[in-house]
Protein chains: 2
Amino acid sequence: MVQYVTLPLDLAFAALSDATRRGIIDQLGRGDASITSLADKFQMTLTGMKKHVQVLERAGLVVTQKVGRVRTCKLGKRGLKAEAEWIEAHRKLFEARFEALDEIISEMKREGSDESAS
Amino acid sequence: MVQYVTLPLDLAFAALSDATRRGIIDQLGRGDASITSLADKFQMTLTGMKKHVQVLERAGLVVTQKVGRVRTCKLGKRGLKAEAEWIEAHRKLFEARFEALDEIISEMKREGSDESAS
DNA sequence: TACATACTGAACCATATAGTTCAGTGTCTA
DNA sequence: TAGACACTGAACTATATGGTTCAGTATGTA
């Protein structure tokens, strides 16, 4: 039995799993932006954009600050360090597995045998 | 207007957003495994585990092969390259933003001003 | 003061996730 | 051949996501 409970990674990866949100990060990398300007750029209602920003904020990837009537969004200081580390560590696992040559053999065997992928 | 449509990244990040699934990848890094053995290790029904494996499979992170009555799961050849690249590229964006010193200033200003994070 | 702007919140919708149970089907093995 | 084993699929539950509309509230501006 193994127990995995890594909430911060959950939130960050979930935030990154949406193309619009990845686009928002992209955009904020080119400069801070208001909710309205983001909503325009991604052709979405204000409310819809606000939700995306909230998801990014919960994940710590974006921070926002309201001045007057404008809420400005910027990239969070948290960054993507933890995610990069997880990915890099596991990328090694993947590669290690493929250096085992039985992999290549079973790969060849798999061509034209069964496969009943639901 | 910006259009982002990156399905493979969507699927992979979504697959990685669940701690159990990250655990499965972890586990498969230590050796191939059947659905049953994974279900045991993560204290979950067979059906539940099958669903997780399907999510990983759709994302290309895991491949499975049924031999006799046993379906064996292993890490997919696809790996985490695309995800690593996205993360690394954007990590730079985050860091670049923080080298701008107005960042530090506004960071200081933010302490004890508004904040109405819904 | 009146109007426009920028956001906020509630409510709703369709679909997906994460999990379950239960009832199979197909494959070993004694 | 009879059981047991490993998976599969359908159905159901509760909750989350990604989006909308509509009705506010607060702020800036003419």
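Order of the sequence lines fixes the chain letters, A, B, ..., with proteins taken first and strands second; residue numbering starts at 1 for each chain. Scope of the values below: all heavy atoms of this structure, side chains included, with no hydrogens, waters or symmetry mates.
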Query raised in the report: Quick one: is D:dT27 close enough that its OP1 or OP2 comes under 4.0 Å of any side-chain N or O from A:Lys66?
Result: no
Requested in this report: Taking only the side-chain nitrogens and oxygens of B:Lys50, find out if one of them lies under 4.0 Å from OP1 or OP2 of D:dA6.
Outcome: no
Nearest-angstrom distance from the residue atom [atom1] of [X] to [atom2] of [N]:
X: A:Arg71; N: D:dT25; atom1: CZ; atom2: P; value: 18 Å
X: B:Asp32; N: D:dA6; atom1: CG; atom2: P; value: 17 Å
X: A:Ile35; N: C:dT5; atom1: CD1; atom2: P; value: 18 Å
X: A:Leu38; N: C:dA6; atom1: CG; atom2: P; value: 13 Å
X: B:Phe13; N: C:dT17; atom1: CZ; atom2: P; value: 16 Å
X: B:Asp10; N: C:dA16; atom1: CG; atom2: P; value: 13 Å

**Report entry** ring pair (Phe, Tyr, Trp, His ring centres under 6.0 Å) contacts touching residues 56-93 of chain B (sequence neighbours left out)
**Finding:** B:Trp86-B:His90
Requested in this report: For residues 15-37 of chain B, pull every pair meeting ring pair (Phe, Tyr, Trp, His ring centres under 6.0 Å), keeping only residues two or more places apart or in separate chains.
Outcome: none
Query raised in the report: Can you give one letter per nucleotide of nucleotides 15-22 of chain D, going 5' to 3': B for a protein heavy atom under 4.0 Å from the base, S for sugar-phosphate only, - for none?
Result: ---SBBBB
Query - Gap between atom CG of A:Asp32 and atom CD of A:Gln27 - 0.5 Å precision - result: 11.0 Å
Once side-chain hydrogen bond (donor to acceptor under 3.5 Å, both in side chains) is applied, do any residues pair with [X], and if so which ones, sequence neighbours excluded?
X: A:Arg78; value: A:Glu83
X: A:Ser17; value: none
X: A:Ser37; value: A:Ser34
X: A:Lys81; value: A:Glu85

Query raised in the report: Between A:Arg30 and A:Asp26, is there a salt bridge with N-O shorter than 4.0 Å?
Result: yes
Expected rows: protein N/O vs nucleotides 26-30 of chain C N/O, under 3.5 Å:
from   : atom 1 : to      : atom 2 : distance (Å)
C:dT27 : O2     : B:Arg69 : NH1    : 3.3

Query raised in the report: Who passes salt bridge (Lys or Arg N to Asp or Glu O under 4.0 Å) against B:Arg91, sequence neighbours left out?
Result: B:Glu88, B:Glu95
